[in-house]
Asker: 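One structure follows; several queries about it will come next.
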Amino acid sequence: SPVAPDSPPSWSNSVAIGTFAPAADGLSAEFFPSTPGTTQINISVVVGGATFSALLDVVVVPVPVVQILSSVEITSVEASA
């Protein structure tokens, strides 16, 4: 038979380096980082009166700056004789 939590799981993160959004039923969550850093995502759920918990260490690294060439200008140069 399927296992169902006694109540929706409880989610948290240790350092606010982004937006953390558990789903309405609590069975999943999304994390949207907004700044580099480290955090720990925690979940706790009670099933059949027993508490289960887990954690995930998350490291957000800065995105390297990428230079994009947006235009090129070509000019003619007269060759010397």
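What you see below is based on every heavy atom in this structure, not just the backbone, and it leaves out hydrogens, waters and symmetry mates. Model, not experiment: these values are computed from the prediction.
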Asker: What residue pairs, at least two apart or across chains, pass side-chain hydrogen bond (donor to acceptor under 3.5 Å, both in side chains) with a residue in residues 17-34?
Answerer: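 Checked against side-chain hydrogen bond (donor to acceptor under 3.5 Å, both in side chains) - neighbours excluded - no pair reaches residues 17-34.
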
Asker: Hey, could you give me the CZ/CD1 distance between Phe32 and Ile17, rounded to the nearest 0.5 Å?
Answerer: 14.0 Å

Asker: Would you find a donor on one side and an acceptor on the other, under 3.5 Å apart, between the side chain of Trp11 and the backbone of Gly26?
Answerer: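 Yes; at least one donor-acceptor contact below 3.5 Å.
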
Asker: Atom CZ in Phe20, atom OG1 in Thr39: separation rounded to 0.5 Å?
Answerer: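 Answer for the CZ-OG1 pair, Phe20 versus Thr39, is 8.5 Å.
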
Asker: Please table the atom pairs, donor to acceptor, closer than 3.5 Å between any side-chain atom in residues 40-66 and protein atoms at least two apart or in another chain.
Answerer:
| residue | atom | partner | partner atom | Å |
| --- | --- | --- | --- | --- |
| Gln40 | NE2 | Asp57 | OD1 | 2.8 |
| Asn42 | ND2 | Gln40 | O | 3.4 |

